[in-house]
Amino acid sequence: MTGYKVANGNGTAKTNGNSNGHSNGHCNGHKSADYTAQENPTGSGKIRCELTPEELRALRVLHEDTYPYEVIEEIADFITKGSGMRPKIGIICGSGLGSLADIIQDPKIFEYEKIPNFPVSTVEGHAGRLVVGTLEGATVMAMQGRFHFYEGYPLAKCSMPVRVMKLCGVEYLFATNAAGGINPRFAVGDIMLMHDHVNMLGFAGNSPLQGPNDPRFGPRFPALVNSYNKDLINKAIEIGKAMGIESNIHVGVYSCLGGPNYETIAELKALRMMGVDAVGMSTVHEVITARHCDMKVFAFSLITNKCATEYSDKKDEEANHEEVMAVAKNRQKACCELVSRLIREIHLASA
Ligand SMILES: O=P(O)(O)O[C@H]1O[C@H](CO)[C@@H](O)[C@H]1O
Ligand SMILES: Nc1nc2[nH]cnc2c(=O)[nH]1
C-alpha cells in the first residue's frame with residue numbers, strides 16, 4: 001500500500017505510514033452481554049440489565065438532551081425493523097451534499113420528524129431524512145441532514161445518530177462536510193481527505209462524550225490518534241487518480257468551530273498557525289463519537305470557499321452559505337463518485 005501526502009503550511013509534504021485505525025476493544029456493538037449491570041434496588045441480590053419502561057421514561061426526562069443506551073437502541077430498532085436492513089456503512093451528507101443519499105438504491109426513507117426521539121434539521125441544504133438502502137452492493141444508511149451545535153443542539157445530540165448507526169450494525173462512518181480552505185494551496189471545489197482534526201469546541205471544554213460514560217458504547221477515555229483510517233485515505237487517493245482529479249485531492253487537517261458566524265481574519269490566521277487546512281462547523285464531534293464506539297472513519301471536506309488570511313476590503317472574500325451551497329452542488333458528482341467507488345472497494349474486500 002502507498003503512503004499518502006499530508007498538506008502542510010509551507011507547501012512541502014510529509015509521507016505517512018500505512019497502519020489501520022486501532023481498535024479500542026471496549027465496545028461490544030449491539031446489545032453487549034457483559035455490560036456492568038446494576039444492583040437490583042429491591043435488595044434481592046439479583047443483577048438485572050434491562051430498564052423498566054418507567055425507569056426509561058424517568059431517564060429520558062433526566063437526560064432530555066442526552067440519549068441513554070436504551071433510547072438509542074429503540075431508535076435503531078425502529079430503523080432496522082422499518083427498513084428490513086442492517087446497514088454496514090453510514091454516510092453523513094455535508095451542506096449541499098445531500099445527493100450522496102440520492103444515489104442509494106431501493107431506498108427506505110425515514111423523515112427525521114417521524115423517527116422517535118430524533119432531532120430535526122433546521123439548516124438549508126440539510127433535508128432532514130435518513131435513507132437506508134444499498135450502494136455498490138453494500139448496505140448503507142445516509143443522513144441527508146446533520147445536526148450542528150449552532151442550531152442549539154448540545155454536541156451529544158448532534159452526534160447521537162452516529163450511535164444509532166452503530167446499533168444498526170454500521171462499521172464504517174463516512175462523514176462529509178463543506179468547509180473553508182485555509183491552506184493557500186487549496187482551490188474552491190477541491191476535496192480534502194481528513195487525516196486529523198483540531199477540536200476547537202474541545203479546547204473550549206465541550207465534548208459529545210461529556211457526562212456519564214456508558215461502556216456499552218466505549219471507554220471513558222478514548223484515544224483519538226489514528227482516528228481517520230489510513231487504508232481508506234490511501235484508497236481514496238488511488239480512486240482520485242483513477243478519476244483524473246488527483247490535483248484536486250489533498251490530505252489535511254480540519255478544525256470545527258461552533259459557528260454559526262464564519263471566522264475573523266485573526267482567527268483564520270491563528271488556525272493556520274496551528275496547522276489547520278480547512279475549517280467548518282461539524283464532523284469532529286461525529287468522528288469522536290464514532291471512534292469512541294470503535295467505528296472505522298473516513299471523512300472529507302469539500303472546499304467551498306477560500307478563507308482570507310489577510311485583511312482586504314473586497315466583499316467577495318467574505319464566506320456565505322449561498323456560495324457554499326452552490327459549490328457543493330457543482331461538485332456533487334465528483335463527491336458521489338468518490339464515495340461510491342470507495343464503498344465498492346470496501347464491499348468487494350469484505351465479500
Ligand atoms: O459542515 P457542514 O454541515 O457540511 O456545513 C458547513 O457549511 C455551513 C456553513 O456554510 C456550516 O453548517 C458548516 O459546518
Ligand atoms: N466555519 C466555517 N464553516 C464553513 N463551511 C463552509 N465554509 C466555511 C467556512 O469558511 N468557515
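Atoms within each ligand, like the ligands themselves, are counted from 1 in listed order. Because only heavy atoms are used, hydrogens play no part in the values below, and waters and symmetry mates are left out as well, while side chains stay in.
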- [ ] Could I get the full list of ring-ring contact (aromatic ring centres under 6.0 Å, His included) partners for Phe300, not counting sequence neighbours?
- [x] none
- [ ] Taking salt bridge (Lys or Arg N to Asp or Glu O under 4.0 Å) as the test, write out the residues that go with Glu136, two or more places apart.
- [x] Arg344
Task: Distance-only side-chain donor-acceptor flag, Thr283 / Arg146, under 3.5 Å - done: yes
Open item on the list: Considering both backbone and side-chain atoms of Gly280, is one of its nitrogen or oxygen atoms within less than 3.5 Å of a nitrogen or oxygen in ligand 1?
Closed with: no
Open item on the list: For atom 6 (C) of ligand 1, what is the closest protein heavy atom, and at what distance to 0.1 Å?
Closed with: Ala178 O, 3.4 Å
Task: Short N-O contact, Lys241 and Glu238, less than 4.0 angstrom - done: yes
TODO: Please answer whether the main-chain N or O of Gly189 pairs with a side-chain N or O of Arg331 as donor and acceptor at a distance below 3.5 Å.
DONE: yes
Open item on the list: Regarding ligand 1, does His148 bring an N or O atom to under 3.5 Å of one of the ligand's N or O atoms?
Closed with: yes
- [ ] Can you label the angle between the Tyr112 ring and the Phe118 ring as parallel, tilted or perpendicular, going by 30° and 60°?
- [x] tilted
Open item on the list: Quick test: of every protein heavy atom, which one is nearest to atom 9 (C) of ligand 1, and how far off is it to 0.1 Å?
Closed with: Tyr262 OH, 3.3 Å
TODO: Would you please write out the protein residues whose heavy atoms approach any atom of ligand 2 to under 4.0 angstrom, listed by chain and number?
DONE: Ala178, Ala179, Gly180, Tyr262, Glu263, Val279, Gly280, Met281, Thr304, Asn305, Cys307, Val324
Task: For atom 1 (O) of ligand 1, the protein heavy atom that lies nearest, with its residue and separation - done: Ser282 OG, 2.5 Å
TODO: For the pair Tyr153 and Phe147, name the ring-plane relationship: parallel under 30°, tilted 30 to 60°, perpendicular over 60°.
DONE: perpendicular
TODO: Grab the two heavy atoms, one from Ala290 and one from Leu173, that are nearest each other, plus how far apart they are.
DONE: CB-CD2, 3.7 Å
TODO: Write out the residue and atom name of the closest protein heavy atom to atom 12 (O) of ligand 1, then the distance separating them to 0.1 Å.
DONE: Tyr150 OH, 2.7 Å
Task: N or O contact, Ser95 vs ligand 1, cut-off under 3.5 Å - done: yes
TODO: Output all residues satisfying ring-ring contact (aromatic ring centres under 6.0 Å, His included) with His347, sequence neighbours left out; order by chain, then residue number.
DONE: none
Task: side-chain hydrogen bond (donor to acceptor under 3.5 Å, both in side chains), paired with Ser301, selected from Asn177, Thr176, Asp190 - done: Asn177
Open item on the list: Does ligand 1 come near enough to Thr176 that some N or O of the ligand is less than 3.5 Å from an N or O of the residue?
Closed with: no
Task: Asn177 neighbourhood, listing ligand 1 atoms whose heavy-atom distance to it stays under 4.0 Å - done: 1 (O), 4 (O)
Open item on the list: Pairs of nitrogen or oxygen atoms closer than 3.5 Å, one from Gly94 and one from ligand 1: do any exist?
Closed with: no
TODO: Would you mind reporting whether Leu155 and Gln210 have side-chain heavy atoms less than 4.5 Å apart?
DONE: no
Task: Axial cation check for Phe217 ring with Arg163, 6.0 Å and 45° limits - done: yes
- [ ] Report the part of Val324 in contact with ligand 1, treating N, CA, C, O as backbone and CB onward as side chain, heavy atoms under 4.0 Å; options are side chain, backbone, both, neither.
- [x] side chain
Open item on the list: If I apply the N/O under 3.5 Å rule, does Arg146 come out as touching ligand 1?
Closed with: yes
